[in-house]
Amino acid sequence: MPYWLMKSEPDELSILDLQRLGQARWDGVRNYQARNFLRSMQVDDLMFFYHSSCPQPGIAGIARIASAHYPDPAALEPESPYFDAKASDTKNPWSAVDVAFVEAFKQVIPLATLKNQTALLGLPLVQKGSRLSVMPVSADEWAAVLSLR
DNA sequence: GCCAACGTTGGC
DNA sequence: GCCAACGTTGGC
């Protein structure tokens with residue numbers, strides 16, 4: 001079963017928001033590589049929930065993929081920040097999935113800590129210049145992060 | 001707020 | 001197909 005890591009700005013959706021909601025739509029992915037990863041997800045895959053662009057960037061918890069991918073409705077909504085004029089009902093290039101809350105870590109595992117782990121050197125998250133917002137995580141990387149809780 | 005790095009756009 | 005310009009990401 002594949003594992004994933006997905007970035008969210010906690011101002012938009014934090015792990016505690018997801019805990020309160022139970023489930024939420026993961027939309028607004030506007031990068032083809034990230035979108036392709038969304039499309040290869042299976043229901044019940046697990047993902048690390050990463051907080052980005054915030055005072056304490058890091059992995060904040062775990063969620064579960066709760067739906068197959070589907071066309072991202074936000075791309076069709078003119079009021080949405082994720083609106084894409086090139087998207088239409090019949091041709092929507094963007095995808096979304098639903099995710100369900102699994103666990104909120106007592107403390108966020110800081111990016112600086114993740115960068116110190118030899119086991120995580122292959123993870124795009126810690127690589128210089130990488131901006132990928134959805135990425136696969138190997139079983140070894142998954143275990144390495146869990147050991148930091 | 002700064003800035004490095006990246007992805008996309010569009011002229012040629 | 002090249003590449004400069006631009007907008008965005010995201011840590012610090």
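Chain identifiers are assigned alphabetically (A, B, ...) following the order of the sequence lines, protein sequences preceding nucleic acid strands; residue numbering begins at 1 within each chain.
Rounding to whole angstrom units, CG of residue L114(A) and P of dG10(C) are separated by 15 Å. Spacing between atom CD1 of I59(A) and atom C1' of dG11(C) amounts to 16 Å, rounded to whole angstrom units. Going from atom CZ of R30(A) over to atom C1' of dG10(C) covers 19 Å, rounded to whole Å. What separates CZ of R131(A) from C1' of dC12(C) is a distance of 17 Å, to the nearest Å. Per the geometry, CG belonging to D84(A) stands 9 Å off P belonging to dT9(B), to the nearest Å. Between E9(A) atom CD and dT8(C) atom P there is a gap of 13 Å when expressed in whole angstrom units. Rounded to an integer number of Å, the gap from L132(A) CG to dT8(C) C1' is 14 Å. To the nearest angstrom, C1' of dT9(B) lies 12 Å from OH of Y32(A).
A donor-acceptor contact shorter than 3.5 Å is absent between the side chain of D98(A) and the backbone of A66(A). Judged by distance alone, the side chain of N92(A) and the main-chain N or O of P73(A) form no donor-acceptor pair under 3.5 Å.
With dA4(B), dG11(C), dT9(B) as the candidates, the nucleotide lying closest to the side chain of K128(A) is dA4(B). Comparing dG11(C), dG10(C), dT9(B) by their nearest atom to the side chain of K7(A) picks out dG10(C).
In this structure the side chain of H51(A) reaches within 4.5 angstrom of the side chain of S14(A), judged on heavy atoms.
For the OP1/OP2 pair of dT8(B) and a distance below 4.0 Å, the side-chain nitrogens and oxygens of K86(A) include no atom meeting the criterion. One finds no side-chain N or O of Y82(A) lying less than 4.0 angstrom from the OP1 or OP2 phosphate oxygen of dT8(C).
Aromatic rings from Y32(A) and W94(A) are positioned such that their centres are separated by under 6.0 Å.
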